[in-house]
2 protein chains.
Amino acid sequence: MVQIPKTPAPSSSTPRSVPTSADVARLAGVSRATVSYVLNNTSAVRISEPTRRRVHEAAKELGYVPHAAARSLRAGHSRMVLMPAPSFPVGPLYSQFISELQWALGRLDYTVVQYGSVGVHGDEAARAWAELRPVAVLVPGPGSLGPQGVTVLKRSGARAVVTLGPDSVDGAHALLMDHEAVGHCAGSHLFDRGRRRIGVVVPEEDGLESFSLPRLEGVRRALHGTDATVTELPLAYEEESAARLAARWRALDLDAVFAYNDEYAMLLMRALQDGGVRVPEDTAVIGADDLMLGRLLRPRLSTVHIELPSGRDLAELVDRAVRNPGAAPETHKVLGATVVHRDSS
Amino acid sequence: MVQIPKTPAPSSSTPRSVPTSADVARLAGVSRATVSYVLNNTSAVRISEPTRRRVHEAAKELGYVPHAAARSLRAGHSRMVLMPAPSFPVGPLYSQFISELQWALGRLDYTVVQYGSVGVHGDEAARAWAELRPVAVLVPGPGSLGPQGVTVLKRSGARAVVTLGPDSVDGAHALLMDHEAVGHCAGSHLFDRGRRRIGVVVPEEDGLESFSLPRLEGVRRALHGTDATVTELPLAYEEESAARLAARWRALDLDAVFAYNDEYAMLLMRALQDGGVRVPEDTAVIGADDLMLGRLLRPRLSTVHIELPSGRDLAELVDRAVRNPGAAPETHKVLGATVVHRDSS
DNA sequence: TTGAAAGCGTTACCAA
DNA sequence: TTGGTAACGCTTTCAA
């Protein structure tokens, strides 16, 4: 562990207080109102050019920065879009999605803020978010929000609450990321390739159930009414766990496995190969997420390509909802899943 | 692309305004002051039990949530720690670090907020952050902040500004993540293993220069004064790019390569093997980041394990700095780099 | 063209 | 034990 040494530290220097618009006004020799007019380019009022310059100069000299809280308090609203920061490690897909979304909302003049609510849950979290009076709340992932929470947020002025995950919540717009579709895709693919005894990896790591269980369910649904069987395979993201699973592979008597995602798939495929199981001859393997790295294995890893909604579309949904808060909550299925067939299946 | 259809949407229902402490007071039949006392458990004042209950009930009935902006305006300070959200895709290391940091700061009663400043740069960004009057600002990555920015932030009341990246900035605390050390580590290792013609992969992707260049420099430094040569190898994170590089491998006449990180290393190693280059016999390969997936390749990928500071330590640094804003900025090197020797080098 | 003043939601001081 | 009131920094209406 990298330690940061603790220093007792000497003592302070400039506790000079932060400049307000009143300070700027004083320095420029005008009233606070004038300062506000100048700095906000208020078009309803015309201020003489010399005055403008004096104000600007004063502001720069003092290093004046307006106080967002005071402003939004006065205005009665803000343009803050709040997202709880995800508490689980996110992949490149999601990272990029967030980035894109922030950019798109920024273009619509919203400010995106990810709120770190680690260790705070349910309605308590919703309350904490509501204290910031965001104009919209965007909740990724499952479970962190109930109908209660939606009510709290709306009561406190949130004009749009959007969930982005496996379930939809009463009163909130929902972008349904239906992970069953991923499993369904994988299941159908394996079935079509003639596989009948199908294993489904379920990660043992916490926080992933809300993705893994629907994916498993999707496989079940795809195979329902056929002669194929589905076997649940708990697996931790460690080599030993994979080795243990591989060791009892013959006994399991499976001819295919959907491994939750590409990372677990790579882990398991390696363990299988090390254990003498031929892929895809003895067992077909398919992952999900379409990571670049999956293409590097031999055989190349088949996968389910997942498409998230574009940040732009989501930003537009948010904007629409904010402008028309009374509208009935929309629910959209927004998870595109398509098989990318390579060599492992 | 997953499209979200656009709905014209019906019209509003309950534009009921958000309840304030005055509403609670009215409903409970007490003054606003009393409400404040009760809800904040003010110990200096004793409120009768029946009154407390009435207040609590009124608050619950109205769904009252205090207004953070008003509170911090009144208080003159907040406990918000602001971090600009990273604009580049982050790996699991960094994700986990953020998570840990949020948790640790949460325990110290700070609120962590990641501010999405996509497309806003330099001092403009600093101004935007300053508007929120955070008590501390934590800037990851390089370049997004200059000494000007630090001044703006401090003037606007930030009691601690901490950078977390390759360079340190005047006036701010710095957690120096010295990526040269990573390169140095890798370079020394390869040299010790008898390699003398060493390639260093430099990703072509934008936004990575501030990591890749120091890593390259570190290799140079490790090899300085020896008979070893260093060759810079631009590489995009795509199979074709890797294939192209592999195609001219013999011509390059290298006996080792440090591939920036494990992902690029895996990409390149595969391309080399496909091109008939034996690893490690003809060319040794080493990556960095110690990803699990590197262990799955054959040969197992050697890597530089990188250790970030613990979130707890950083949280403590922030807390210390906030409590003692006058203290001289601390600068710590906080990047632990150690070689994990496996089979590819 | 500029200034005075009210008010946004809280909290803390001082009276009652 | 409780209530009135001022103040935080800003914007905006109204008046000069």
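Small disclaimer: the values here were computed from a predicted structure and weren't measured. The basis for the numbers below is simple: all heavy atoms, side chains too, and nothing from hydrogens, waters or symmetry mates. A note on names: the letters A, B, ... follow the listed sequences, proteins ahead of strands, and every chain is numbered from 1.
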Steps toward side chain to side chain contact (heavy atoms under 4.5 Å, CB included) verdict (A:R52, A:N41): CA-CA 10 Å; A:R52 302 185 89 82; A:N41 263 317; 3.0 Å; yes
Any N or O donor-acceptor pair linking the side chain of B:R74 to the base of C:dT11 at under 3.5 Å?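 Donor-acceptor pair under 3.5 Å: yes.
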Contacts of A:S36 that satisfy side chain to side chain donor-acceptor pair (under 3.5 Å) - sequence neighbours left out: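 Side chain to side chain donor-acceptor pair (under 3.5 Å) check on A:S36 returns A:N40.
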Restricting to pairs with a member in residues 65-79 of chain A, which pass salt bridge (Lys or Arg N to Asp or Glu O under 4.0 Å), not counting sequence neighbours?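 Listed once each, the pairs are A:R79-A:D109.
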Separation of B:H67 atom NE2 from C:dC8 atom C1', in whole Å? 8 Å
Would you mind classifying the nucleic acid contact of B:V65 as base, sugar-phosphate or nothing, using non-hydrogen atoms under 4.0 angstrom?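 B:V65: backbone/sugar contact only, no base atoms under 4.0 Å.
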Is there a side-chain polar atom (N or O) of [X] under 4.0 Å from OP1 or OP2 of [N]?
X: B:Y37; N: C:dT10; result: no
X: A:R32; N: C:dA4; result: no
X: B:S21; N: C:dT10; result: yes

Does any non-hydrogen side-chain atom of [Y] lie less than 4.5 Å from one of [X]?
X: B:Y110; Y: B:V135; answer: yes
X: A:T20; Y: A:H67; answer: no
X: A:L138; Y: A:V112; answer: no

Flag the pair A:D319 and A:R323 as a salt bridge only when some basic side-chain nitrogen lies within less than 4.0 angstrom of an acidic carboxylate oxygen. yes
Between A:E49 and A:R53, is the closest basic N to carboxylate O distance under 4.0 Å?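 No, this pair does not count.
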For A:A315, enumerate each residue passing the side-chain contact (heavy atoms from CB on, under 4.5 Å) test, keeping only those at least two apart in sequence or located in another chain. A:L101, A:A104, A:L105, A:L108
Contact list for DNA chain D against residues 38-46 of chain A - heavy-atom distance below 4.0 Å: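 A:N40 - these, ordered by number, are the residues of the stretch whose heavy atoms sit under 4.0 Å from the strand.
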Which ones in residues 48-56 of chain A lie close to DNA chain D, meaning a heavy atom under 4.0 Å from one of its atoms? none
I want to confirm an ordering. Mapping A:A22 and B:I47 to their closest nucleotides on DNA chain D, which one lands closer to the 5' end? B:I47
At a 4.0 Å cut-off to heavy atoms of chain B, the contacted part of DNA chain D spans D:dT1 to D:dG9
Okay, side chain of A:H173, backbone of A:E330: is any donor-acceptor separation there less than 3.5 Å?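 At least one qualifying donor-acceptor pair exists.
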Does B:A28 offer a backbone N or O that forms a donor-acceptor pair with the side chain of B:R54 under 3.5 Å? yes
